[in-house]
Visitor: 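The structure is given below, and queries will be raised subsequently.
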Amino acid sequence: MKCRFYLLDINEGRWDSKPSVQLWGLDQKNRRVVIVATQIAPYFYFLPDEKDDPAPIREKLLSDKSTFPKILSADIETKKLLGRLRTVLRITCSDSEVVSDYAKKTRKAVGRGESFEDDLRLSLRYIIDLMLTPCGWHELDVEIKKFDGVNVDQAYEAKTAPRSVEDEDTPDLRILAFNVLAVAERGSAKAERDPVKAVVAATDSGRMRTFVAESENDSKVLEDFAGFVIEYDPDIVVGFENNKVDWPYLIQRGKARKVRLAVGRDGSDPHTSMFGHVSVTGRANLDLFDVAGGIPEIKVKTIANMARYLQVPSAEKISTIEEADRYNLWIDESGRSKLIQYLRANAQVLLELAQATIQYPMQLGAVTGLPLDQVMAAAVGFRVDCYLVRKAHQIGELIPRRNEQPFYTYRGAIVLEPQTGVHDDIAVLDFSSMYPNLMMKYNLSPDTLVKEDEKVSKESVFVITEVEHRFRKEPAGFYRIVLSELMDQRAIVQKELEEIGAKSTRYRVLKERERAIKIITNACYGYAGWAGARWYVREVAESATALGREAITKTIQKAEWMGLKIIYGDTDSIFVRNEEKKIDQLRKWAMKELGLEIRIAHEYRRVIFTEAMKRYAGLLPDGRLDIVGLEVVRGDWSEIARQVQEQVLVSILRDQSVDKAITNVRETIRRLRNNEVAIADLTIRKTLLKPIEEYRISAPHVEVAKKLLKQGWDLGVGDVVGYVIVKGAGKLFQKARPYNQVKPEDVDVEYYLENQVKPAAMRILERFAVSEKQLEVNFPAGQQPLGVS
DNA sequence: AAGGGCGCACTTTTGA
DNA sequence: TCAAAAGTGCGC
C-alpha cells in the first residue's frame with residue numbers, strides 16, 4: 001500500500017539486527033506514523049591512488065574476511081573529485097558502526113589512497129541519498145507492521161524508497177511548551193542536589209498543566225510530566241534554553257530518582273545529540289532560545305523580550321522573576337503561588353512564540369536538509385554544509401571530510417571615510433547579493449580554481465585582479481551550480497509571493513522559505529572562507545572580496561564622474577545625494593558594466609555621521625530613526641547611556657534642535673545625580689567569550705563572573721554577565737558588582753556620568769560644537785546653531 | 001562536541 | 001605616562 005507522510009524526525013537504529021532508519025511523521029489523515037526502513041546499506045568510498053588499479057584492491061578487501069568480515073560488496077564506480085572524474089570503490093557494509101573503522105583499515109591495508117563519506121551518519125546518509133525533505137511530504141510503498149513499545153497511530157515497514165513530493169499542506173502539528181523550576185538557597189540550582197520544584201506544560205489545544213512537588217521527592221513531578229507528554233503526544237516540544245537547562249536537568253533528576261522519562265515515541269528517554277541539542281525520538285524538540293538567536297533585533301535574549309518583539313497575545317502578561325529571587329519566593333506561601341503564576345505565564349508565552357516562529361525553522365529544515373530539531377541548534381556553517389553535502393551527492397561529487405586545516409586570513413571589503421556632519425536627502429544604494437553574484441559570474445569555486453603552476457590558455461579563465469587567482473570559465477563550478485539554484489528557487493518563491501494574498505498561510509510559509517534561502521545564499525561566501533568547511537578554499541573567498549572591492553571602487557568613480565557626491569560606503573553600499581536621474585543612470589551603468597544590480601536600499605531625509613566608520617544615524621521618510629553601530633544599538637552599554645544618545649539623535653534629526661538635545665541630557669544627568677535611575681538602566685552586560693581561566697586580563701565582567709561562580713552560580717562560555725559599577729577606590733574591574741547585588745546608594749554616579757552618559761551624548765553633540773561643560777545643569781542654555789554638513 | 005568571513009570603534013588593562 | 005594589547009560587539 002501507498003503512504004504519503006510529512007517528515008518530522010528521523011533517527012537510526014537497528015531492527016532485526018539490521019541497520020535501519022526510522023522516519024517519524026504524519027500522514028494525510030493527520031495520523032502519527034513511523035516508517036521503518038531496513039533496506040539500507042551503509043557505505044563509504046575509497047579513492048585509490050592514481051597509480052593504483054582498483055580491481056586488485058577490490059579483491060584484496062573482499063578476500064580479507066578476518067579484517068573486513070562485514071563488507072558486503074565493493075563496487076567500482078565513477079565519481080567526481082573537484083570536478084574531475086575518478087574511479088572509486090564503493091564499499092558497502094552490513095553495519096553502519098564499522099564504516100569509519102573500515103575506511104581507516106582500508107587506507108592502511110592499501111597503503112595509500114583516500115576514503116570519503118565514512119564520516120556521514122546513517123540517518124544523514126539516508127536523507128541525502130534519497131533527497132528526503134525534512135518538514136516536507138514523501139511517498140512510498142509500505143506494509144503495516146506492529147512494533148512493540150512504539151507509540152504511534154500507525155507503524156509501517158518501508159517496501160520502497162521514499163521519494164519527496166510537492167505538497168503545499170502543512171499538517172496540523174501538536175505543540176507542547178514547557179518549563180522547569182528548581183531553586184537553590186544560594187546560586188544556581190544543581191540537579192545533583194536540588195530537586196525539581198515544578199514543571200509547567202502548555203499545549204496548543206489550550207491545556208495547561210502544573211506539576212508541583214509536594215516534598216523534596218520530585219519523582220512524582222517527573223513521572224506526571226512525562227506522563228502528560230506521552231498522553232498529549234506532541235509533535236513539537238518547545239522551551240527556552242531547554243537544550244541547555246530544562247532537559248538536562250530533568251534527565252539528571254530522572255537518573256537520580258530512577259524515574260524514566262520515556263517521552264520518545266519509541267519509549268526512549270530524551271538524549272543529547274548533534275549540535276548539543278536534546279533529541280526526543282519521533283518528535284521535534286526545539287529551543288526558542290536558538291530561534292531568538294536568529295533575530296538580531298532582540299538584544300537580550302529573554303522570553304519577555306522575544307514576546308514583546310513578536311507581539312504575541314500574552315506578551316503583556318509576562319513578568320520577569322530573577323533566578324536569585326526564586327528561592328525566597330518558593331519558601332513563602334504567597335510567593336510560591338506568584339512563582340507558579342509566573343511559570344504558567346511563561347509556558348503560555350512559549351507556546352505562542354512557537355506558533356509565531358515555527359515556520360522559519362521548518363523552512364530552514366526543508367531547504368538545508370537538516371531535521372527540524374537540529375536545524376536551529378546548528379551554527380550557520382553547518383547549515384550551509386548540510387545543504388552542500390546534498391548538492392554534492394546530487395551531482396556525483398565526492399564529499400570531503402571536514403578536517404583541521406591551517407588557517408589564513410585574507411583581505412576583506414572596503415569601508416569609506418564618511419563625510420562628517422549632517423546631510424539632507426540621501427539615498428543608500430547597494431548591490432543586491434553582491435558576493436553570491438560575483439561568485440557566480442566569475443565561476444569562483446574549488447573545482448574551477450586553477451593551481452598556480454598549471455598552464456592554461458588566457459581566454460579559458462577569469463583572472464581575478466589584485467589577488468591573481470584564476471578560475472576556469474567552463475564548466476560551471478560547484479558554487480555556481482549551488483548558488484544559481486538557490487537564486488532560482490528564491491525567484492520562484494518571490495514570484496508566487498507576488499501573486500498571492502499577504503494574509504494567507506501560504507504567504508507566511510513562502511515568506512519564511514524565502515528568508516531561509518536568502519540566509520543560505522548569503523552564507524556561502526563566508527563558508528568558503530571558513531577553515532572548518534568541507535569546501536574551504538581561501539582563494540574563492542579572497543577572490544570574492546577582491547571583486548567586491550573592484551565593483552564598489554568602479555561604481556564610486558563612475559558616480560563621482562557623474563557628479564554624484566559620495567557621502568559614505570561600506571562593502572557593497574554607497575550613500576549619495578538623492579538625485580533620481582543620476583542614480584538611474586548609475587544603475588543602468590552597473591548592470592551593463594558590472595553585471596550587478598544596484599537597488600535603492602532606503603532613503604534618508606537626513607543622516608548624521610561622526611568621524612567613525614560604521615556608525616551613523618538616519619531619519620527615514622516615515623519619521624523613524626535608523627541607528628547604525630552607535631551606542632544605542634550596542635548591548636554592552638548601559639540603558640541610560642543608550643537612552644540619552646537616542647534622545648540626542650531624535651532631537652537633532654527629527655526636531656532639528658540642539659537645545660532640546662542639551663536639555664534632555666541635562667535632565668538625565670540630574671536624575672543620575674539624584675539616584676533616580678533604576679539599577680536595571682545602569683547594568684552593563686558583556687558576554688563571556690571564553691572559559692574564565694583563559695582570560696589574560698581582569699575585565700569587569702570576568703571579575704564579576706568569578707564572584708558569581710564562588711557564590712554557586714553556574715556560568716560559562718556564552719553566558720552574559722550583567723554588572724554595575726559601584727563607588728570605591730581602585731581599578732574599574734574592582735568596582736564592578738553583579739547587578740542584582742547593588743543598592744542604589746552604592747552606585748558610582750561619577751562613573752556613569754563621565755564614562756557612560758557623557759561620552760554617548762558627546763559622540764553626537766560634539767558635531768554641533770557643544771562642549772561637555774554645557775551639559776552640566778548649572779550652565780545656562782544657549783542658542784546653538786545646527787552644524788552644517 | 002560543534003567557529004560563516006573581514007573591517008572597525010571603542011573602553012579598559014597592561015606593562016614598560 | 002602612554003602606546004600596545006585585550007576584549008567585545010557591531011556593520012556588511
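Naming convention: chains lettered A, B, ... in sequence-line order (proteins, then strands); numbering from 1 in each chain.
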Visitor: Quantified in whole Å, what is the C1' atom distance between nucleotide dG11(C) and nucleotide dG4(B)?
Guide: 15 Å
Visitor: Would one find a side-chain N or O of S698(A) under 4.0 angstrom from OP1 or OP2 of dT14(B)?
Guide: yes
Visitor: With respect to the side chain of R634(A), which nucleotide from dT12(B), dC12(C), dG9(C) is positioned closest?
Guide: dG9(C)
Visitor: At under 4.0 Å between heavy atoms, what does T687(A) touch on the DNA or RNA strands: base, sugar-phosphate, or nothing?
Guide: sugar-phosphate
Visitor: Contact between N755(A) and L732(A) at the side-chain level, heavy atoms closer than 4.5 Å - yes or no?
Guide: no
Visitor: Please determine, for the side chain of F275(A), which listed nucleotide (dT8(C), dG7(C), dA2(B)) has the closest atom?
Guide: dA2(B)
Visitor: Could you tell me whether R538(A) sits above the aromatic face of Y408(A), with NZ or CZ closer than 6.0 angstrom to the six-membered ring centre and within 45 degrees of the axis?
Guide: yes
Visitor: On the nucleotide dA9(B), are OP1 or OP2 found under 4.0 Å from the side-chain N or O atoms that Y616(A) carries?
Guide: no
Visitor: State whether the number of non-hydrogen atoms from other residues, nucleotides or ligands found under 6.0 Å of K104(A) atom NZ is greater than 12.
Guide: no
Visitor: What pairs of residues pass the salt bridge (charged side-chain N to carboxylate O under 4.0 Å, His left out) test when at least one of them lies in residues 720-737 of chain A, not counting sequence neighbours?
Guide: K735(A)-D748(A)
Visitor: With DNA chain B as reference, determine whether A523(A) or V415(A) sits nearer its 5' end, using the nearest nucleotide of each.
Guide: A523(A)
Visitor: Quick one: L429(A) CG to dC12(C) P, roughly how many Å, whole number?
Guide: 14 Å
Visitor: Give a yes/no on whether any side-chain N or O of K690(A) is located under 4.0 angstrom from OP1 or OP2 of dT8(C).
Guide: no
Visitor: Looking across every strand, which nucleic acid part, if any, lies under 4.0 Å from Y435(A) by heavy atom: base, sugar-phosphate, or nothing?
Guide: nothing
Visitor: Looking for any heavy atom pair under 4.0 Å, which part of the strands does V633(A) touch: base, sugar-phosphate only, or nothing?
Guide: sugar-phosphate
Visitor: Side chain of R615(A): nearest nucleotide among dC10(B), dC6(B), dT12(B)?
Guide: dC10(B)
Visitor: Should N522(A) be listed as having a side-chain N or O under 4.0 Å from OP1 or OP2 of dG5(B)?
Guide: no
Visitor: What is the nucleic acid contact for R763(A), judged by heavy atoms within less than 4.0 Å: base, sugar-phosphate only, or nothing?
Guide: sugar-phosphate
Visitor: Students often get this wrong, so: under 4.0 angstrom with heavy atoms, is W637(A) touching a base, only sugar-phosphate, or nothing?
Guide: sugar-phosphate
Visitor: Any base atoms under 4.0 Å from T272(A), or only sugar-phosphate, or nothing? Heavy atoms, all strands.
Guide: nothing
Visitor: Any idea which of dC8(B), dT13(B), dT8(C) is nearest the K614(A) side chain?
Guide: dC8(B)
Visitor: Give a yes/no answer on whether the side chain of Y568(A) brings an N or O atom under 4.0 Å of OP1 or OP2 in dC8(B).
Guide: no
Visitor: If you only use heavy atoms from C-beta on, which nucleotide in dG4(B), dC6(B), dT11(B) is closest to the side chain of A379(A)?
Guide: dG4(B)
Visitor: The side chain of R411(A) lies closest to which of these nucleotides: dT14(B), dA2(B), dG7(B)?
Guide: dG7(B)
Visitor: Return the value, rounded to whole Å, for the distance between atom NZ of K686(A) and atom P of dG9(C).
Guide: 7 Å
Visitor: Hey, does Y536(A) reach any base, or is it just sugar-phosphate, or nothing, if we go heavy atoms under 4.0 Å?
Guide: nothing
Visitor: Checking all strands, does D385(A) fall into the base, sugar-phosphate, or nothing category for heavy-atom contacts under 4.0 angstrom?
Guide: nothing
Visitor: Grab the CD1-P distance between I552(A) and dG7(B) for me, whole Å please.
Guide: 14 Å
Visitor: What does A699(A) touch in the nucleic acid at a heavy-atom separation under 4.0 angstrom: a base, only the sugar-phosphate, or nothing?
Guide: nothing
Visitor: Would you mind telling me which of dT13(B), dC10(B), dC10(C) lies closest to the side-chain atoms of E631(A)?
Guide: dC10(B)
Visitor: Output yes when at least one side-chain N/O atom of H701(A) is less than 4.0 Å from OP1 or OP2 of dG7(C), else no.
Guide: no
Visitor: Do E542(A) and R411(A) sit within salt-bridge range, that is, some charged N less than 4.0 Å from a carboxylate O?
Guide: no
Visitor: Please determine, for the side chain of A612(A), which listed nucleotide (dA9(B), dT8(C), dA6(C)) has the closest atom?
Guide: dA9(B)
Visitor: Using whole Å, what does the distance between atom P of nucleotide dT11(B) and atom CD of E703(A) come to?
Guide: 21 Å
Visitor: How is G635(A) classified with respect to the nucleic acid when contacts are heavy atoms under 4.0 Å: base, sugar-phosphate, or nothing?
Guide: sugar-phosphate
Visitor: Whole-Å distance between dG11(C) C1' and D636(A) CG?
Guide: 14 Å
Visitor: Just checking V628(A): base, sugar-phosphate only, or nothing, at a heavy-atom cut-off of under 4.0 Å?
Guide: sugar-phosphate
Visitor: Checking K690(A) against Y695(A): charged group under 6.0 Å from the ring centre and within 45 degrees of the axis?
Guide: yes
Visitor: What's G381(A) touching, base or sugar-phosphate or nothing? Going by heavy atoms closer than 4.0 Å.
Guide: sugar-phosphate
Visitor: Contact class for M274(A) (heavy atom, under 4.0 Å): base, sugar-phosphate, or nothing?
Guide: base
Visitor: Are there more than 12 heavy atoms of other residues, nucleotides or ligands under 6.0 Å from atom CD of E417(A)?
Guide: no
Visitor: Nearest whole angstrom, please: distance from the C1' of dC12(C) to the CG of D430(A).
Guide: 10 Å
Visitor: Calculate the interatomic distance between D373(A) atom CG and dA2(B) atom P; express it in whole Å.
Guide: 17 Å
Visitor: For F471(A) and F462(A): C-alpha separation, side-chain torsions, deciding distance, then whether ring-ring contact (aromatic ring centres under 6.0 Å, His included) applies.
Guide: CA-CA 5 Å; F471(A) 293 88; F462(A) 294 114; 8.6 Å; no
Visitor: So which nucleotide from dA9(B), dC6(B), dG7(C) ends up closest to the side chain of F407(A)?
Guide: dC6(B)
Visitor: For L416(A) and dG7(B), what is the distance between atoms CG and P respectively, to the nearest whole Å?
Guide: 14 Å
Visitor: Which nucleotide sits closest to the side chain of F733(A): dG11(C), dT8(C), dT13(B)?
Guide: dT13(B)
